[in-house]
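Computed over heavy atoms, backbone and side chain alike; hydrogens, waters and symmetry mates excluded.
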Amino acid sequence: MNDTLDKKFKALADKNRLKILLYLKQGSKPAGEIAKQFSVSASTISYHLSILENSGLIFSWRVKGYIYYSIKFSEFYEIIDWLEAVHKI
């Protein structure tokens, strides 16, 4: 397993990050709106967003002082390919 795939699996290994991904599945959201959906601090959400972004599963951009996040769906293909390869063993 390579480092990028390892980062992706580690990012997916937390229930809060999975919940963030499910929320972002609805579309791009600003960080503040994401934080409002959870009963943890904004800094905790920021930490989880950082891990997801560093893994390549999401990306961000700035618009007028807001940071928006979105899923990078193409990055999930590497995970799917690995799982399919394991399934064939």
Side-chain angles (χ1 to χ4, degrees):
M1 190 169 354
N2 62 43
D3 286 343
T4 59
L5 191 57
D6 189 45
K7 285 182 181 181
K8 288 174 185 170
F9 277 113
K10 285 180 181 178
L12 293 172
D14 180 87
K15 67 180 179 178
N16 288 314
R17 292 191 286 269
L18 291 174
K19 289 177 184 178
I20 291 169
L21 288 170
L22 287 174
Y23 184 63
L24 288 175
K25 186 179 171 194
Q26 301 170 18
S28 303
K29 307 287 184 198
E33 188 176 322
I34 296 167
K36 288 179 187 177
Q37 303 302 311
F38 299 91
S39 59
V40 296
S41 69
S43 63
T44 298
I45 293 299
S46 179
Y47 168 77
H48 289 302
L49 288 169
S50 175
I51 290 173
L52 287 166
E53 189 167 24
N54 288 335
S55 74
L57 296 175
I58 66 171
F59 63 98
S60 67
W61 68 97
R62 292 181 182 271
V63 176
K64 297 182 181 180
Y66 294 95
I67 302 173
Y68 284 81
Y69 291 89
S70 188
I71 292 178
K72 194 170 184 182
F73 290 100
S74 62
E75 291 297 315
F76 285 84
Y77 294 126
E78 184 180 18
I79 296 168
I80 293 166
D81 289 345
W82 186 87
L83 291 171
E84 286 177 344
V86 169
H87 179 68
K88 292 178 184 177
I89 293 177

Checklist entry - On the ring face of Tyr68, is Lys29 found with NZ or CZ under 6.0 Å from the centre and within 45° of the axis? => result no
Checklist entry - Same cluster for Trp61 and Leu24 if Ile/Leu/Val/Met/Phe/Trp/Tyr side chains link at under 4.5 Å? => result no
Item to check | Residue pair Ile71 / Leu52, side-chain heavy-atom distance below 4.5 Å | outcome: no
Next on the checklist: Assigning hydrophobic clusters by single linkage (Ile, Leu, Val, Met, Phe, Trp, Tyr; side-chain heavy-atom cutoff under 4.5 Å), is Val40 placed with Ile51?
Outcome noted: no
Next on the checklist: What I want to check is whether the side chains of Glu53 and Tyr69 have a donor and an acceptor closer together than 3.5 Å.
Outcome noted: no
Checklist entry - In terms of side-chain geometry, is the basic nitrogen of Asp6 or Lys10 positioned less than 4.0 Å from the acidic oxygen of its partner? => result yes
Checklist entry - In the single-linkage hydrophobic clustering (I, L, V, M, F, W, Y; side-chain heavy atoms under 4.5 Å), do Tyr66 and Ile58 co-cluster? => result no
Item to check | Side-chain donor/acceptor of Lys8 to backbone N/O of Glu75, under 3.5 Å | outcome: yes
Checklist entry - Is there side-chain contact between Phe76 and Ile79, with at least one heavy-atom pair below 4.5 Å? => result yes
Item to check | Taking every non-hydrogen atom, the tightest pair across His48 and Ile20 | outcome: CB-CD1, 3.7 Å
Item to check | Hydrophobic cluster membership, Tyr23 vs Phe59, 4.5 Å side-chain cutoff | outcome: no
Checklist entry - If you count the non-hydrogen atoms of other residues, nucleotides and ligands that lie under 6.0 Å from OH in Tyr77, is the total more than 12? => result no
Item to check | Straight-line distance of Leu57 CG to Ser74 OG, nearest 0.5 Å | outcome: 10.0 Å
Item to check | Test side chain to side chain contact (heavy atoms under 4.5 Å, CB included) applied to Lys7 and Asn54, step by step | outcome: CA-CA 8 Å; Lys7 285 182 181 181; Asn54 288 335; 5.6 Å; no
Checklist entry - What closest approach, in Å, do Ala35 and Ile45 show between heavy atoms, and which atom pair accounts for it? => result CA-CG1, 4.0 Å
Checklist entry - Is a side-chain N or O of Arg17 found less than 3.5 angstrom from the main chain of Ala11, in a donor-acceptor match? => result yes
Checklist entry - Do Leu83 and Leu5 share a hydrophobic cluster, counting only Ile, Leu, Val, Met, Phe, Trp and Tyr and linking them when any side-chain heavy atoms are less than 4.5 Å apart? => result yes
Item to check | Short side-chain donor-acceptor distance under 3.5 Å, Ser43 and Ser46 | outcome: no
